[in-house]
Protein chains: 2
Amino acid sequence: MDPASAPAPAPGPEPRWLDDSERHLWLTYLQATTLLEDHLDRQLQRDAGMPHLYYAILVHLSQAPRRRLRMTQLAKNLKITRSRLSHAAARLEQRGWMVREDCPSDKRGQFAVLSEDGREVLRRSAPGHVGAVRQALFDRLSPGQQKSLGEIMEIIAEGLQPDEADADLPWLR
Amino acid sequence: MDPASAPAPAPGPEPRWLDDSERHLWLTYLQATTLLEDHLDRQLQRDAGMPHLYYAILVHLSQAPRRRLRMTQLAKNLKITRSRLSHAAARLEQRGWMVREDCPSDKRGQFAVLSEDGREVLRRSAPGHVGAVRQALFDRLSPGQQKSLGEIMEIIAEGLQPDEADADLPWLR
DNA sequence: AGTCATTGCTTGAGAGTTAAACTATCAAGG
DNA sequence: CCTTGATAGTTTAACTCTCAAGCAATGACT
């Protein structure tokens, strides 16, 4: 079956355009997400001396079992590329906030491990950051809106995951 | 209901921590927005040879009265810094997709003007991009969810506008 | 005319990101 | 053993973004 049963010669040359309300929603989405990301980036840079991503990395490590995660797993959790994580890890290691340890069972593997200094910097900066998130987001949305936002973001994320079902079993046809 | 289970004395040093559902919403928000932004960035880089921001710049210009906007106004529309726009404009000008023209009434001013090549590259890449946005966002959300998302994003953006919200200056006066 | 703060925009350097290439290891078969 | 192909992670170079500093024109005030 064709994905689109259009009588066009080329693969669907004219997609449905965005109508006014869709265009407005999309514009607002872009503005809000840029504003929020920039706001938090600045807040963290100012108060903790690191960009948002680095903070997120430390948080994820701090919540992991022995405060350690394999690089690839960490990248997956954060939805970033391994390359990006690799660079960030180098920086974080330079600052003494994490270390990389060899994985005994797989010599290719590396564990990213939150250091004591890393825990400390998190302890110091977490309250301010949580405050910023709360002030920018949670304090402004009703419980119902929070629920909606959660469902919506879940749907968006779901649609963009490198499909695990296929990715896990590419050799099955 | 007990939003804050800790007997926090005041909104001073210890901010209300995020509870489980808030933490989950925040995590999902971050993942969804990164996934979507990365997805569109890649889509545009692949199909149009430019990052999402550059595309957004061209779109805004194409919708402006004589396909031109003052730099500062354009930066405000896009919620980015003038510096960032300046660098991007240099790139776009290099590629021949826009030009800068002096403002006759204010010799400091510059107009960013969409060039004919710029219109052309937009014409070519817009359908694919709109398709990507539709597929990732609009096709997955019910009308009600779209309405909710619009309201929510409006609220978030409103709270972060640097302009009118100078309400937070308790240290002054 | 002369100062002086402000506005509009650009620049340079350093930090961060990206895609693609690269090293090393693993695992399955021959 | 020795291939072959996948996986784990890093690295390179090109690009983009940020921040702070800079310059020139403007406007207000003298």
Side-chain angles (χ1 to χ4, degrees), chain A residues 34 37-46 48-57 68-76 78-95 98-113 162 166-172, chain B residues 34 37-57 68-95 98-113 162-163:
Chain A
T34 349
E37 179 60 21
D38 287 5
H39 178 67
L40 295 180
D41 242 322
R42 261 188 275 284
Q43 184 270 318
L44 280 168
Q45 195 68 58
R46 175 165 44 73
M50 69 181 117
H52 192 190
L53 175 66
Y54 293 14
Y55 180 87
I57 291 174
R68 71 191 55 217
L69 282 171
R70 287 288 293 270
M71 294 293 279
T72 294
Q73 188 54 51
L74 182 49
K76 271 182 190 156
L78 292 160
K79 309 310 185 206
I80 63 175
T81 61
R82 275 165 306 164
S83 171
R84 189 177 174 188
L85 175 57
S86 219
H87 287 292
R91 296 279 181 179
L92 287 173
E93 218 170 5
Q94 267 183 8
R95 301 180 193 192
M98 59 152 276
V99 286
R100 276 176 281 198
E101 290 180 9
D102 294 344
C103 174
S105 64
D106 184 341
K107 282 171 186 162
R108 297 166 301 178
Q110 294 279 110
F111 280 106
V113 187
D166 280 345
D168 276 349
L169 313 166
W171 47 86
L172 289 184
Chain B
T34 12
E37 178 60 22
D38 288 5
H39 178 67
L40 294 180
D41 243 323
R42 259 188 277 285
Q43 183 269 319
L44 279 169
Q45 194 68 57
R46 177 166 41 75
D47 298 349
M50 68 182 117
H52 191 192
L53 174 67
Y54 293 14
Y55 180 87
I57 292 174
R68 71 190 56 214
L69 282 171
R70 288 287 292 270
M71 293 293 279
T72 295
Q73 188 54 50
L74 183 49
K76 272 181 188 154
N77 292 353
L78 293 159
K79 312 302 186 208
I80 63 175
T81 62
R82 275 165 305 167
S83 173
R84 188 178 175 186
L85 175 58
S86 220
H87 286 293
R91 282 293 185 174
L92 288 172
E93 216 169 8
Q94 266 183 9
R95 301 179 193 190
M98 58 153 277
V99 285
R100 276 177 281 198
E101 288 180 10
D102 295 342
C103 173
S105 63
D106 184 341
K107 282 169 188 164
R108 297 166 302 179
Q110 293 280 111
F111 280 106
V113 187
D163 193 0

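Throughout, protein chains are lettered first and strands after them, A, B, ... in sequence-line order, and every chain is numbered starting at 1. All values below were derived from every heavy atom in this structure, side-chain atoms included, with hydrogens, water molecules and symmetry-related copies excluded. Predicted model, so just to flag it, every value in this text is computed and none were measured.
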Distance, nearest 0.5 Å, that separates [atom1] of [X] from [atom2] of [Y]:
{"X": "Q43(B)", "Y": "H39(B)", "atom1": "CD", "atom2": "NE2", "answer": "6.5 Å"}
{"X": "R108(B)", "Y": "T72(B)", "atom1": "CZ", "atom2": "OG1", "answer": "9.5 Å"}
{"X": "L78(A)", "Y": "L69(A)", "atom1": "CG", "atom2": "CG", "answer": "9.0 Å"}
{"X": "M71(A)", "Y": "R82(A)", "atom1": "CE", "atom2": "CZ", "answer": "10.5 Å"}
{"X": "M98(B)", "Y": "L74(B)", "atom1": "CE", "atom2": "CG", "answer": "8.0 Å"}
{"X": "R84(A)", "Y": "H87(A)", "atom1": "CZ", "atom2": "NE2", "answer": "11.0 Å"}

Exercise. Hey, does L53(B) reach any base, or is it just sugar-phosphate, or nothing, if we go heavy atoms under 4.0 Å?
Worked result: sugar-phosphate
Exercise. Is R42(A) touching bases, backbone alone, or none of the nucleic acid, heavy atoms closer than 4.0 Å?
Worked result: sugar-phosphate
In whole angstrom, what separates [X]'s [atom1] from [N]'s [atom2]?
{"X": "R70(A)", "N": "dC26(C)", "atom1": "CZ", "atom2": "C1'", "result": "11 Å"}
{"X": "Q45(B)", "N": "dC15(D)", "atom1": "CD", "atom2": "P", "result": "10 Å"}
{"X": "L92(A)", "N": "dT17(C)", "atom1": "CG", "atom2": "P", "result": "10 Å"}
{"X": "R91(A)", "N": "dT11(D)", "atom1": "CZ", "atom2": "P", "result": "13 Å"}

Under 3.5 Å between N/O atoms: give me all the protein pairs with nucleotides 12-14 of chain C, atom names plus distance.
unit_1, atom_1, unit_2, atom_2, d
dG12(C), O6, H87(B), NE2, 2.6

For this session: Enumerate the residues from residues 98-113 of chain A whose closest heavy atom to DNA chain D is under 4.0 Å, giving them by residue number; use none for an empty result.
Result: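 Contacting residues: R100(A), R108(A), G109(A), Q110(A).
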For this session: Determine whether the side chains of Q45(A) and D41(A) contain a donor N or O and an acceptor N or O closer than 3.5 Å.
Result: no
Problem set entry | Of S86(A) and M50(B), the one whose closest DNA chain D nucleotide lies more 5' |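 Upstream on the strand: S86(A).
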Seminar exercise, completed: Residue pair Q73(A)/D38(A) against DNA chain D: nearer the 5' end by closest nucleotide is Q73(A)
Closer than 4.0 Å, any side-chain N/O of [X] to the OP1 or OP2 of [N]?
{"X": "R84(A)", "N": "dT17(C)", "answer": "yes"}
{"X": "Y54(A)", "N": "dG16(C)", "answer": "yes"}
{"X": "T72(B)", "N": "dT7(C)", "answer": "no"}

For this session: Take M50(A) and R95(A), measure what side-chain contact (heavy atoms from CB on, under 4.5 Å) needs, and give me the verdict at the end.
Result: CA-CA 10 Å; M50(A) 69 181 117; R95(A) 301 180 193 192; 3.9 Å; yes
Exercise. Going through the checks in order, is the side-chain contact (heavy atoms from CB on, under 4.5 Å) test met by D106(A) and R70(A)?
Worked result: CA-CA 11 Å; D106(A) 184 341; R70(A) 287 288 293 270; 3.9 Å; yes
Exercise. Which residue lies toward the 5' end of DNA chain C, A90(B) or T81(A), if each is placed at its nearest nucleotide?
Worked result: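 The residue closer to the strand's 5' end, by nearest nucleotide, is A90(B).
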